[in-house]
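Report on the following structure.
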Protein chains: 2
Amino acid sequence: MKKCCKDSEGWQGKFHGYGYRMTVAREVILDLLSNTDKHMSAEDIYMKIHETHPNIGLTTVYRTLEVLSDMALVFKLDIGDGRARYELAESPKKPNHHHHLVCTGCRKIVDYSDFIDQEVKLLQDTEKGLSKKYNFKITNHLIQFYGLCGACSARA
Amino acid sequence: MKKCCKDSEGWQGKFHGYGYRMTVAREVILDLLSNTDKHMSAEDIYMKIHETHPNIGLTTVYRTLEVLSDMALVFKLDIGDGRARYELAESPKKPNHHHHLVCTGCRKIVDYSDFIDQEVKLLQDTEKGLSKKYNFKITNHLIQFYGLCGACSARA
DNA sequence: CTATTAATGGAAATGATTGTCATTAATAAC
DNA sequence: GTTATTAATGACAATCATTTCCATTAATAG
Ligand SMILES: [Mn+2]
Ligand SMILES: [Mn+2]
Ligand SMILES: [Zn+2]
Ligand SMILES: [Zn+2]
C-alpha cells in the first residue's frame with residue numbers, strides 16, 4: 001500500500017535542475033518522508049531507513065536533509081529542544097500552509113491550519129507594516145503554540 | 001548616567017521569595033540587562049561583565065540566566081541559530097508584549113509591537129479553537145518574522 | 001565504457017550548554 | 001559580630017546534535 005519511488009522521475013528532474021544528482025539515499029529519505037505524517041529528526045530518519053538500508057550513514061542523512069531543504073522539498077522545523085525535525089514541504093496528507101502546536105511534555109507535534117484566513121491577514125498587514133517601518137525585507141515567519149497535550153495534561 | 005543597582009532591594013525580595021540568594025553575579029547580570037536594549041547571548045553577557053568582574057565565570061552566567069528566567073525576570077529567546085539570547089522581561093525601554101524581527105544576514109533583532117491588537121485577537125481565537133479541537137492546554141506562543149535588514153539587503 | 005566529479009561514510013571536530021566537585025560566600029541563628 | 005548551614009561559584013570535563021575531513025564510491029556526461 002506504500003507509494004514507493006513513485007515520484008522518482010519527477011524528483012530526478014528537480015534534482016537535475018538544482019545541479020544535484022539523484023542518489024539512493026535521497027530517494028529513500030524522500031520516500032520515507034512522503035509516507036509519514038510525523039515530524040522526524042535526522043536520527044529518527046536514520047534509524048528508520050537503517051532497517052532497510054544499513055549502508056546509509058547518519059552524515060548522509062544530515063547532508064541529504066540539507067539538500068532537500070535547499071530544494072524546498074522538505075521543511076526543517078525547530079521546536080526549541082536542540083533537535084531539528086523535518087517534514088515534506090508539500091504533501092497531500094497535510095494542509096499546505098500550516099503551523100504547529102507543540103506539547104512541551106512529550107514533544108508531540110500537531111499540524112493545524114485553523115484560523116488561516118485571519119492569520120494570513122495579520123501576516124500580510126504585519127509584513128507590510130514592518131517592512132516599511134524597519135526597512136526589513138521579510139521572507140519568512142514562524143508561528144507556534146506551545147502547551148500540554150491531553151495525555152501530558154492528565155499525567156501532570 | 002547609568003541606573004546602577006537601583007533595584008537591588010526590590011530584586012532582593014524577589015530572590016528571597018523564590019528561595020534564591022542575592023549574589024554579586026546575579027545583580028551584575030540583572031544590572032547589565034537593565035541597561036541595554038540588546039538581545040545578548042550568554043557569552044556576550046559573560047564578555048561584557050568580564051570587563052568589570054573578571055572573577056565571574058561563564059558557567060555562572062548560564063546558571064544565573066536560568067534562575068532569572070525561572071523567576072520571569074528575564075526572557076530567553078531562540079532565533080534559530082544555535083545560540084540563546086536573553087532580554088529583561090519587563091523593561092521601561094521596550095514594549096511589554098512584543099515580538100521579534102530577525103535579520104538572517106547579521107542576526108540583528110528588532111523589537112516590534114505593531115499590530116498587537118489584531119495579533120492578540122488572532123491569538124485568542126486560535127488558542128481557544130486549538131485548545132478545544134486538539135485538547136491542548138496552550139501556555140505559550142511564538143511569533144517571529146525573518147528577513148534581511150536594510151544593510152544586509154543592500155550588501156546582498 | 002570511461003572519465004569526471006559529486007556524493008558518501010566513518011571518524012574526528014565543533015560549539016553551545018550542562019554536569020561534577022571542591023571551594024567560597026550569603027544568610028540565618030546565635 | 002561570630003558562627004553554622006547550605007546555596008552558589010568557578011574551573012574543568014562531559015554531552016550531544018550537527019559539521020568537517022578525507023579517502024573511497026558511484027552518478028552521469030560524452
Ligand atoms: Mn507539520
Ligand atoms: Mn525583544
Ligand atoms: Zn504531550
Ligand atoms: Zn542584517
Side-chain angles (χ1 to χ4, degrees), chain A residues 5 8-9 11-30 39-71 73-74 76-86 107, chain B residues 5 8-9 11-30 39-71 73-74 76-86 107:
Chain A
C5 315
S8 295
E9 286 156 36
W11 289 336
Q12 174 105 22
K14 190 144 194 182
F15 278 109
H16 194 260
Y18 274 85
Y20 291 128
R21 293 178 181 175
M22 172 68 132
T23 68
V24 173
R26 291 170 184 178
E27 187 171 324
V28 168
I29 290 174
L30 218 29
H39 301 79
M40 304 176 81
S41 71
E43 190 155 16
D44 290 339
I45 293 169
Y46 168 72
M47 290 194 303
K48 183 64 183 167
I49 67 178
H50 191 80
E51 294 170 5
T52 54
H53 294 78
N55 49 315
I56 296 179
L58 179 56
T59 305
T60 296
V61 172
Y62 273 105
R63 272 183 305 223
T64 300
L65 289 168
E66 195 184 342
V67 164
L68 297 180
S69 297
D70 179 51
M71 294 167 63
L73 280 176
V74 155
K76 180 178 184 176
L77 126 95
D78 173 10
I79 63 169
D81 59 349
R83 176 176 317 205
R85 318 293 163 105
Y86 302 84
R107 305 289 174 193
Chain B
C5 315
S8 294
E9 285 156 36
W11 287 336
Q12 174 104 23
K14 191 146 194 183
F15 278 110
H16 194 259
Y18 274 85
Y20 291 128
R21 293 179 181 176
M22 171 69 132
T23 69
V24 174
R26 290 170 184 178
E27 187 171 323
V28 168
I29 291 174
L30 218 30
H39 300 79
M40 305 176 81
S41 70
E43 191 157 14
D44 290 337
I45 293 169
Y46 168 72
M47 290 194 304
K48 183 63 183 167
I49 66 178
H50 191 80
E51 294 170 7
T52 54
H53 295 78
N55 50 315
I56 297 178
L58 179 56
T59 306
T60 296
V61 172
Y62 273 106
R63 273 183 304 224
T64 299
L65 289 169
E66 195 184 342
V67 165
L68 297 180
S69 297
D70 179 51
M71 294 166 63
L73 281 177
V74 155
K76 179 179 184 177
L77 124 97
D78 172 10
I79 63 169
D81 59 349
R83 177 176 318 204
R85 318 291 163 107
Y86 302 84
R107 305 289 174 194

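Naming: A, B, ... by sequence-line order, numbering from 1 per chain. Note that this is a predicted model, so its numbers are computed, not measured.
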Counting just side-chain N and O atoms, does [X] come under 4.0 Å of either OP1 or OP2 of [N]?
X: B:Thr59; N: D:dG10; value: no
X: B:Arg26; N: D:dT9; value: yes
X: A:Arg21; N: D:dT28; value: no
X: A:Thr23; N: C:dT8; value: yes
X: A:His16; N: D:dA29; value: yes
X: A:Gln12; N: D:dA27; value: no
X: B:Tyr62; N: C:dT17; value: yes
X: B:Arg63; N: C:dT18; value: no
X: B:His53; N: D:dG10; value: no

Would you kindly give the [atom1]-to-[atom2] distance between [X] and [N], to the nearest whole Å?
X: B:Leu30; N: D:dA8; atom1: CG; atom2: P; value: 15 Å
X: A:Leu77; N: D:dT18; atom1: CG; atom2: P; value: 12 Å
X: B:Ile45; N: C:dT17; atom1: CD1; atom2: P; value: 11 Å
X: A:Ile49; N: C:dG9; atom1: CD1; atom2: P; value: 9 Å
X: A:Tyr46; N: C:dT8; atom1: OH; atom2: C1'; value: 13 Å
X: B:Asp78; N: D:dA17; atom1: CG; atom2: C1'; value: 14 Å
X: B:Trp11; N: C:dA26; atom1: CH2; atom2: C1'; value: 18 Å
X: B:His50; N: D:dG10; atom1: NE2; atom2: P; value: 11 Å

Can any side-chain N or O of [X] pair as donor or acceptor with the backbone N or O of [Y] at less than 3.5 Å?
X: A:Thr60; Y: A:Ile56; answer: no
X: A:Asp44; Y: A:Ser41; answer: yes
X: B:Arg26; Y: B:Arg21; answer: yes

Of A:Pro54 and B:Glu66, the one whose closest nucleotide on DNA chain C sits nearer the 5' end is A:Pro54
Closest to the 5' end of DNA chain C, once B:Ser41 and A:Ile56 are matched to their nearest nucleotides, is A:Ile56
(message) Contact between A:Lys14 and A:Met71 at the side-chain level, heavy atoms closer than 4.5 Å - yes or no?
(response) yes
ask   = Can you find a heavy atom in the side chain of B:Met22 that is under 4.5 Å from one in the side chain of B:His16?
value = no
Checking D:dG10, C:dG9, D:dA27 against the side chain of A:Val24 (C-beta onward), the nearest is D:dA27
Per atom distances to the B:Met22 side chain, the nearest of D:dG10, C:dT27, C:dT17 is C:dT27
Review point. Which class fits the ring pair A:His50 and A:Tyr46: parallel under 30°, tilted 30 to 60°, perpendicular over 60°?
Key: tilted
